[in-house]
Amino acid sequence: MGDKADVWQGTLALMVLKTIEALGPLHGYGIARRIEQTSGNLLSLNYGTLYPALLKLEQEGSIASEWGVSENNRKAKFYKLTRAGRKQLQNETRNWEQTTAILARFLSPSEDPA
Amino acid sequence: MLRAWMLRLAGMLPNAERERELADEIEGHLQMHIDDNIRRGMTPELARRDAILKLGGVESTKQAYRERRTVPFLENLLRDVRFAIRQLRKNPGFTSTAIVMLALGMCASVAIFAFVDAALIKPLPYRNPARLVGVYENVPLIQCPQCPLSYPDYLDWKKLNTVFSSLDAYEHTGASLSTPTGAQPASGARVTDGFFRTLGVTPVLGRDFYAGEDLPSAPRAVILSYAVWQQRYGGKADILGRTVTLNGAPNTVIGVLPREFHFAPAEPAEFWTTLHAASECDLRRSCHSLLGVARLKDGVSVQTALANVTSIAQQLEKQYPENRGQGAGLITLSEAISGNIRPILLLLLSGAGLLLLIASVNVASLLLVRSESRKREIAVRSALGAGRGRLVSQFVTEGLVLVAAGSALGLVSAVWVMQLLTRLIPANMLARMSFLDDLGLNVRVVAFAGVIALVAAVLFSLTPTLHFSLSETRGALAEGSRGSAGNTWRRLGSKLVVLELATAMVLLVGAGLLGRSLYRLLHVDIGLRPDRLITMFVAAPDANYGKDVQAIALERQVVSRIESLPGVKSVGISSDLPVNGWGDTTWLRILGRPWHGEHNEMPERDVSSGYFTTLGATLLGGRYFTEAEDASKPRVAIINQAFVRQYFPGEDAIGKQLSFLSDPPKPIEIVGIVEDIKEGPLDTTNRPVLYIPFNQSAGNYFNVVVRTLQSGPSLLPTVAATIHQIDPGIVTGGETTMSALINESAYLHRSSAWLVGGFAALALLLGVVGLYGVVAYSVSQRTREIGVRMALGAQRSSVYRLILKEAGWLTAVGIAVGLACAVAAATLMRGLLFGVRSWDVPTLAAVAAVLAVAALLASYIPARRAASISPVEALRAE
């Protein structure tokens, strides 16, 4: 559990931010479902881990929340991106792209055998 | 980031609304999920089950959320503190004992440390005080290593030395202050012009003395102490330039000293005047009245300086016959100010430290017993998933809570004890220890308390942790509270008890020796009967009583008026009171023997004809003075036994002739010999003393000694009023009883004996409680074993023997170790003992017996419990 969870912490925040950016204000359940769907159901997300992550982002000022009513009339807390959150998303996206690009080079079959 | 932490800290406050919101949010989440699931065709039950499963549990989600909301470490700490307090409250006996013991140790050490700090650590309120030294003459003949200088010697030393950047002199004086309602006694000091500049002290108001302002030709100026400025003059700034009449002479107020200024060797001193060296004594090289204070030049050590002034003293010895046998003495000023009480303070600090040690050891062993009996609880908690870290942190928290409570209580009571102790010091002794003025909790004292608390906290959280690590928790759960750890603890506990008993032994021996010293001191033969003797000093103004005839007339009037008071048996007059000191000396030679300027110096007392009978002295030969013996009659003297021993061994001294150092010699005939009267401190040996009739050597400053018929002190105001009736311009003061004077002389011995005695009593109590704890615990652990023994036919007496043997063994080892340590400790403090050797066998034996009996009593209670164990129940238990 331990090591994997650590990796997840970072990426989960990025996924949450991206999801909210894409869909606009959204409740926790919606975010969870969306992440699962986007991953093509490859990710099996423990929904419970989402809430501490949301709280962390809110404490850091990247997202803000307010109570609202869901599409099927359930009371739910909706999270939306703040301006700081938008900036953070940009930064983290860039970082992530860089990381994956570097990793991709390492992992791709060597083109230059010399 | 910071914002997040602030929010998390804020999140620690309990908040019902947040909790409700969290519950609502999770509930909403579940409902939406359930709706979706039902839409996908699940049954409602399955839908809910799946939703909860997918969430990963409602409670664990909430907990993860809460931990993110707050600071888990602090949250745990708070919970631990709350839990610790609850645990401690559940066991009030243990808790209050531990806290009280800790507070006791803390209180004693902190209170004593505050005195040590005020007297020895706190820097003196002068500029660069480490460079200041006290300058004295060293006169081995009269055993006076720190004797005053004469004014001519002071001037020579000042001129000739090459080691001081400045040298000044001072003298404590009594003074009479003229007020509209008559003369009042006041205290003062005469100083040379540069005195305050040498110390590096500047008046808060007005100015310092000018150079040359101490010469007889200069107008008289006075600087006030801060206290007298506030009390007598209301702290008003217009005091400058006003005139204060001291000893009949007008002085202009030119300044006020800072509030924090003190200079114990000259105090109490309200009025600081300049020397104006013009009196007969000031001009005579053999009249020693001034103490020196000097600032060392940069780079000059005390030794170098001493060598320099010693060579000056040697030079003066050659030059002036009256300087023979006079060397030089030099000590640091801090030594001069508080050197005399340093050994006693250090002794008391050690005593308090030992008490603290016993108290801490006791609390530690209590904690051990407690963690032993909590093994089961701990095993359960760890089986339920409490991590090792959490368990340890729980112990640490409990230790911290105990230490915090004990320290707080100890600190508060220390402040109270400090005030109590200061109030127990006689007022005029306190006035001479002006460095104690701002005694209290300062940074150093609080830091000292903090260090103690820190060490205690480490000790008290380590003890149970260590114990916890030693024991196997799993085993404990399985087999209850018996096992190898019980033995481990018993061994450790026994060692702690031996330590406690040994420490108690050291303190008891210390107290015993000091107590015996005090007893010896108070029972020293002082050559007089102190009961129902009252005394006071009389200071008559020089203008009206300066001539011998006037002084004699006054003395006769004082004696006859007081003698006629109801309740008075007899009255005597003396220039100095007994037990006060060996000072006020004179020089003489014995006529009829070759004399080459030998240094024969001894105290001289000018006494009235009724003095010896009033004191209750014992006449060994010859006669007392008669009232008729005045300047018109042949000069006579009475000497004491020590005088006879030193100067007339194996001879009849009566009828021999002495002379002061005059040219030509004027013969004084010895007419009587008295048994030695202790003129100096109780712990000094008797020295030769010369008694001269008051009427042949009169003075206008003298002491009245009155023997009363009933209890004395009530007559003091009447006697004072009677003297004031003669002339309101006469000042009286120092009203006291002879017994009080004697007690005061033994004050340091008395206070150290009582304080160490108090520490020792507490140490005995704590040590015995500790022993009781160990034995009682051992009995509780061995209930089953004792049950088996008794079932197999062991007699009650053999059970007693079993338990008492264990206790007896511990006590014996404790006493043996304590004995060795006590003799070593007593050797260190032998300087404080009087008439008792550090290995005083009766004291050691008595202390060992007391400790043994107390230990036997303490172990008898658990032994009886063991003997009354019912074998059936013991075997059935558990």
Side-chain angles (χ1 to χ4, degrees), chain A residues 1-2 4-6 8-10 12-13 16 23 25-37 39 41 43-79 82-85 88 91, chain B residues 1-13 15 17-40 42 44 47-72 74-75 385 387:
Chain A
M1 248 301 261
K4 270 187 203 163
D6 282 350
W8 271 114
Q9 285 295 324
L12 184 61
V16 168
L23 299 185
L26 194 58
H27 46 73
Y29 176 67
I31 297 170
R33 289 304 296 243
R34 172 73 184 184
I35 289 174
E36 251 181 2
Q37 285 164 10
S39 74
N41 284 329
L43 263 179
S44 169
L45 181 66
N46 202 347
Y47 292 175
T49 57
L50 193 64
Y51 287 93
L54 283 169
L55 180 61
K56 181 170 185 278
L57 286 171
E58 193 176 359
Q59 282 171 346
E60 287 166 2
S62 304
I63 55 174
S65 68
E66 61 185 3
W67 287 93
V69 179
S70 75
E71 51 281 18
N72 42 6
N73 247 350
R74 293 287 178 192
K75 196 180 164 209
K77 210 179 199 176
F78 281 75
Y79 296 89
T82 61
R83 194 180 301 168
Q88 197 196 346
N91 286 342
Chain B
M1 247 353 256
L2 188 68
R3 182 185 125 94
W5 274 101
M6 298 297 284
L7 282 171
R8 289 176 80 167
L9 278 176
M12 286 182 63
L13 301 168
N15 189 330
E17 194 174 342
R18 282 168 196 278
E19 272 300 305
R20 212 179 49 238
E21 280 195 11
L22 175 59
D24 285 352
E25 188 170 14
I26 301 293
E27 188 50 36
H29 173 103
L30 286 177
Q31 285 304 336
M32 286 187 270
H33 200 170
I34 291 165
D35 291 348
D36 277 1
N37 283 347
I38 288 176
R39 227 173 294 141
R40 268 190 259 154
M42 291 189 193
R48 186 166 186 89
R49 207 181 112 77
D50 178 68
I52 292 174
L53 215 61
K54 202 78 186 50
L55 186 70
V58 176
E59 273 316 309
S60 58
T61 301
K62 281 188 183 170
Q63 189 51 36
Y65 187 89
R66 283 187 206 114
E67 277 177 14
R68 176 63 223 180
R69 187 171 66 200
T70 67
V71 191
L74 277 179
E75 179 88 344

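In what follows, every chain begins at residue 1, and chains take the letters A, B, ... in the order their sequences are listed. This structure is a prediction, so every number in the text was calculated from the model and none was measured.
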Heavy atoms only, distances under 4.5 angstrom: which of L50(A), L55(A), L54(A) has the most pairs with chain B? Name it, please.
L55(A)

Please determine whether a side-chain nitrogen of the Lys or Arg among E21(B) and K77(A) lies less than 4.0 Å from a carboxylate oxygen of the Asp or Glu.
yes

Using non-hydrogen atoms only, which part of I26(B) is less than 4.5 Å away from chain A: side chain, backbone, both, or neither?
side chain

I need the minimum non-hydrogen distance between D24(B) and K75(A), along with the two atoms involved.
OD2-NZ, 3.4 Å

What distance do R74(A) atom CZ and L30(B) atom CG have between them, rounded to the nearest 0.5 Å?
10.5 Å

Would you mind checking which part of D35(B) comes under 4.5 Å of any heavy atom in chain A, side chain (CB onward), backbone (N, CA, C, O), both or neither?
side chain

Start with the C-alpha gap between E25(B) and H27(A), add the side-chain angles, then the distance that decides, and say whether side-chain contact (heavy atoms from CB on, under 4.5 Å) holds.
CA-CA 9 Å; E25(B) 188 170 14; H27(A) 46 73; over 6 Å; no

Is the closest side-chain donor-acceptor distance between Y51(A) and H29(B) under 3.5 Å?
yes

Taking all heavy atoms of N46(A) and all of L55(B), pick out the closest pair and write down the distance.
OD1-O, 2.9 Å

What option among E27(B), Q31(B), K54(B) has the most heavy-atom pairs under 4.5 Å with chain A?
K54(B)

